[in-house]
Structure formats: structure tokens, C-alpha cells
Chemist: 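Following this message is one structure expressed as C-alpha cells.
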Amino acid sequence: MIRINIKYVYILPNDKTLFIRSEAIEKMLKYRQNVSRSPEAGGILIGRILIENGHYIIDDVSEPMPTDKRSRYRFSRKPEGHQEYFNNVWERENGCCFYLGEWHTHPEYVPNPSTTDKKDWNRLIRIDFENDALFFIIVGIKEVKVWYGNLVTKEVAELRRRDSNGEK
């Protein structure tokens, strides 16, 4: 059995689980805006949906690309670079991966979605994807928060992190 290093676990409203691999979290945490001149950063979430139980795993994330627009309080992801990164992961994983959403940073200790974030998320959950869920991660200076976009009901809900002992 292959052991996967998981630090972040979230329970969805439908009792499915989202697991985020440590390697993916570490990549995102590199871009925390803990210095006053650090610009926002972001990318896409890449992962799997487990056939046996429908749970989600975020295995990897893309990092900011040169074409992205970045400032202290704004991040605009451009497709160039992120699509190529996804294509490389797709090849490496023999097509066993999905686009599972977006991540970006905020220059606040506990991140809250901006009006722009909510508008973008609502636009994305109205697009047809291979799966019924998208995830939106905001990395703050002290906390990482996750939102679940249900592509069936067209609703977005914040997820609560479950600790490593299984407690909510």
C-alpha cells in the first residue's frame, strides 16, 4: 500500500472528504504574504476523485506564472503556463487527474474571500467540468481556508478543517 502524506482534511456537506497532500500545501505556503511587499500569488488545484468512495485528493498545484498579474491585493491567473503545467501532470499521471479548482493568497492573517473572489467562484461553478465539485483555497499569513463549490446546486460553502485525530 502506498502511503500519502496528508496534513489537511476537510469534510464536505455531502460527507465526502477532501484531502490535501502535504506537498501541495507546502507549495502554496511558500507564497504567504508575510512581508509587506509580497504580492498575491496563486494557481490551479490538480488532483483525483477516488473511484471507491468519491473522496477528493489535491495532489499538486501550479505556481504563479510570468504572465499572471500580481500585486499586493490582487491576483489574476492567466491560462498560459498553468495549462501547460496541467498537461504535463496529465501525461505523467496517464490521464488520472482533474482540475479541482483554484488557490491564491491574501495579505491577512485569517483569509476571507473578497467580492471579486466570490464573483469568480460563482462564475466557475456554472461551467461544466468532469466532476461535480470545485475547491477554492485562500492562503492567509496564519491560516489556510477552503471553500467547496457544488456544481450541481451552484452553491459555495466554507469547509471546516478536521484535525489529524479526526476531530472537527
Side-chain angles (χ1 to χ4, degrees), residues 1-12 16-34 38-66 68 70 75-113 117 120-121 124-125 129-151 156-166:
M1 175 181 245
I2 298 172
R3 189 131 166 87
I4 298 174
N5 190 4
I6 305 273
K7 283 205 268 204
Y8 286 69
V9 178
Y10 297 84
I11 306 303
L12 281 59
K16 300 291 183 202
T17 304
L18 169 67
F19 301 96
I20 306 175
R21 288 184 63 160
S22 298
E23 297 85 352
I25 286 289
E26 294 304 320
K27 267 183 156 180
M28 292 184 275
L29 290 177
K30 286 191 317 190
Y31 295 96
R32 276 184 296 198
Q33 294 179 263
N34 47 9
S38 301
E40 284 194 11
I44 62 172
L45 307 173
I46 303 169
R48 296 172 281 146
I49 304 165
L50 302 178
I51 293 170
E52 57 275 7
N53 54 24
H55 296 317
Y56 297 87
I57 300 177
I58 295 173
D59 292 306
D60 198 0
V61 299
S62 67
E63 297 181 73
M65 299 291 168
D68 295 336
R70 298 176 64 194
F75 175 77
S76 179
R77 184 181 66 75
K78 303 301 178 201
E80 299 81 22
H82 298 277
Q83 183 64 54
E84 288 79 3
Y85 187 83
F86 179 84
N87 294 347
N88 288 334
V89 174
W90 175 269
E91 289 263 327
R92 184 182 73 225
E93 300 298 326
N94 296 314
C96 294
C97 64
F98 294 93
Y99 164 81
L100 290 180
E102 302 278 328
W103 74 273
H104 70 284
T105 61
H106 271 194
E108 53 191 341
Y109 287 105
V110 179
N112 290 296
D117 294 334
D120 286 347
W121 298 349
L124 283 169
I125 63 172
F129 289 97
E130 305 87 11
N131 48 306
D132 292 338
L134 289 179
F135 300 95
F136 307 106
I137 298 175
I138 303 179
V139 177
I141 296 167
K142 298 282 187 205
E143 285 189 35
V144 174
K145 287 195 158 185
V146 178
W147 287 263
Y148 160 69
N150 185 318
L151 278 64
V156 176
E158 184 177 343
L159 298 180
R160 297 189 84 151
R161 185 174 171 195
R162 179 171 271 193
D163 71 21
S164 57
N165 298 324

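Since we're looking at a predicted model, the values are computed, not measured.
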Chemist: Under 3.5 Å, is there a donor on one side chain and an acceptor on the other for T105 and E40?
Modeler: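 Checked: T105/E40 side chains show no N/O donor-acceptor pair below 3.5 Å.
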Chemist: Do NZ/NE/NH1/NH2 and the carboxylate oxygens of R77 and D68 come within less than 4.0 Å?
Modeler: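 Here R77 does not pair with D68 in a salt bridge, since their nearest N and O are not under 4.0 Å apart.
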Chemist: Out of curiosity, L151 CG to E130 CD, how far, rounded to the nearest 0.5 Å?
Modeler: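 If we round to the nearest 0.5 Å, L151:CG and E130:CD are 10.0 Å apart.
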Chemist: Can you give me the closest heavy-atom contact between M28 and L45, atom names plus distance?
Modeler: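 What the structure gives for the nearest pair is SD-CD2, 4.4 Å.
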Chemist: Could you list the donor-acceptor pairs under 3.5 angstrom formed by side chains in residues 90-100, with sequence neighbours left out?
Modeler:
from : atom 1 : to   : atom 2 : distance (Å)
Y99  : OH     : E102 : OE2    : 2.6

Chemist: Once rounded to the nearest 0.5 Å, what's the spacing between atom CZ of R160 and atom CG of L12?
Modeler: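 Rounded to the nearest 0.5 Å, the CZ-CG separation comes to 14.5 Å.
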Chemist: Identify the residue among I137, D117, D120 that makes a side chain to side chain contact (heavy atoms under 4.5 Å, CB included) with H104.
Modeler: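 The single option meeting the side chain to side chain contact (heavy atoms under 4.5 Å, CB included) with H104 is D117.
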Chemist: Nearest heavy-atom pair of P111 and H106: which atoms, and what distance?
Modeler: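 Smallest heavy-atom distance, with atoms named: CB-CB, 4.2 Å.
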Chemist: Indicate whether any N or O donor in one side chain lies under 3.5 Å from an N or O acceptor in the other, for E158 and Y148.
Modeler: no
Chemist: Are N87 and Y85 close enough that a side-chain donor and a side-chain acceptor fall under 3.5 Å?
Modeler: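 There is no such pair between these side chains.
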Chemist: Does S76 have any side chain to side chain donor-acceptor pair (under 3.5 Å) partners at least two apart in sequence or in another chain, and if so, which?
Modeler: K78
Chemist: Do the side chains of K27 and D60 get close enough for a salt bridge, i.e. N-O under 4.0 angstrom?
Modeler: yes
Chemist: To the nearest 0.5 Å, what is the distance between OG1 (T17) and CD1 (I11)?
Modeler: 3.5 Å
Chemist: Should we say atom NZ of K142 is surrounded by more than 12 heavy atoms from elsewhere, each under 6.0 Å from it?
Modeler: no
Chemist: Please determine, by modelled atom types, if N131 and Y56 share a side-chain donor-acceptor pair under 3.5 angstrom.
Modeler: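 Per modelled atom types, N131 and Y56 side chains form no pair under 3.5 Å.
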Chemist: Taking all atoms of both residues into account, what is the closest heavy-atom pair of G101 and L134, and its distance?
Modeler: N-CD2, 4.0 Å
Chemist: Is there a donor-acceptor pair closer than 3.5 Å between any side-chain N or O of S62 and the backbone N or O of I44?
Modeler: yes
Chemist: Let me see the working for M65 and E84 under side chain to side chain contact (heavy atoms under 4.5 Å, CB included), right down to the final yes or no.
Modeler: CA-CA 11 Å; M65 299 291 168; E84 288 79 3; over 6 Å; no
Chemist: Kindly determine whether Y8 and V144 satisfy side chain to side chain contact (heavy atoms under 4.5 Å, CB included), including the steps that lead there.
Modeler: CA-CA 9 Å; Y8 286 69; V144 174; 4.1 Å; yes
Chemist: Is any side-chain heavy atom of Y31 closer than 4.5 Å to a side-chain heavy atom of R70?
Modeler: yes
Chemist: Which distance, rounded to the nearest 0.5 Å, do you find between the CD1 of I57 and the CD1 of I49?
Modeler: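 So the CD1 of I57 and the CD1 of I49 are separated by 10.5 Å.
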Chemist: Got a second to check how far L18's CG is from Y10's OH, nearest 0.5 Å?
Modeler: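 Going from CG on L18 over to OH on Y10, the span is 7.5 Å.
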Chemist: Quick one: does K16's side chain have a donor or acceptor within less than 3.5 Å of a partner on N53's backbone?
Modeler: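 Side chain of K16 to backbone of N53: a pair is present.
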Chemist: Roughly how far apart are L159 CG and W147 CH2, rounded to 0.5 Å?
Modeler: 9.5 Å
Chemist: Given I46 and F86, is the side chain to side chain contact (heavy atoms under 4.5 Å, CB included) satisfied, shown in steps?
Modeler: CA-CA 7 Å; I46 303 169; F86 179 84; 3.8 Å; yes
Chemist: So which of F135, F136, W103 actually passes ring-ring contact (aromatic ring centres under 6.0 Å, His included) with W121?
Modeler: F136
Chemist: Going by the rule side chain to side chain donor-acceptor pair (under 3.5 Å), which residues pair with E143 if we only count those two or more places apart in sequence or in a different chain?
Modeler: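 For E143 there are no side chain to side chain donor-acceptor pair (under 3.5 Å) partners, ignoring immediate neighbours.
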Chemist: Checking E26 side chain against E23 main chain: does a donor-acceptor pair fall under 3.5 Å?
Modeler: no
Chemist: Is there side-chain contact between R48 and D59, with at least one heavy-atom pair below 4.5 Å?
Modeler: yes
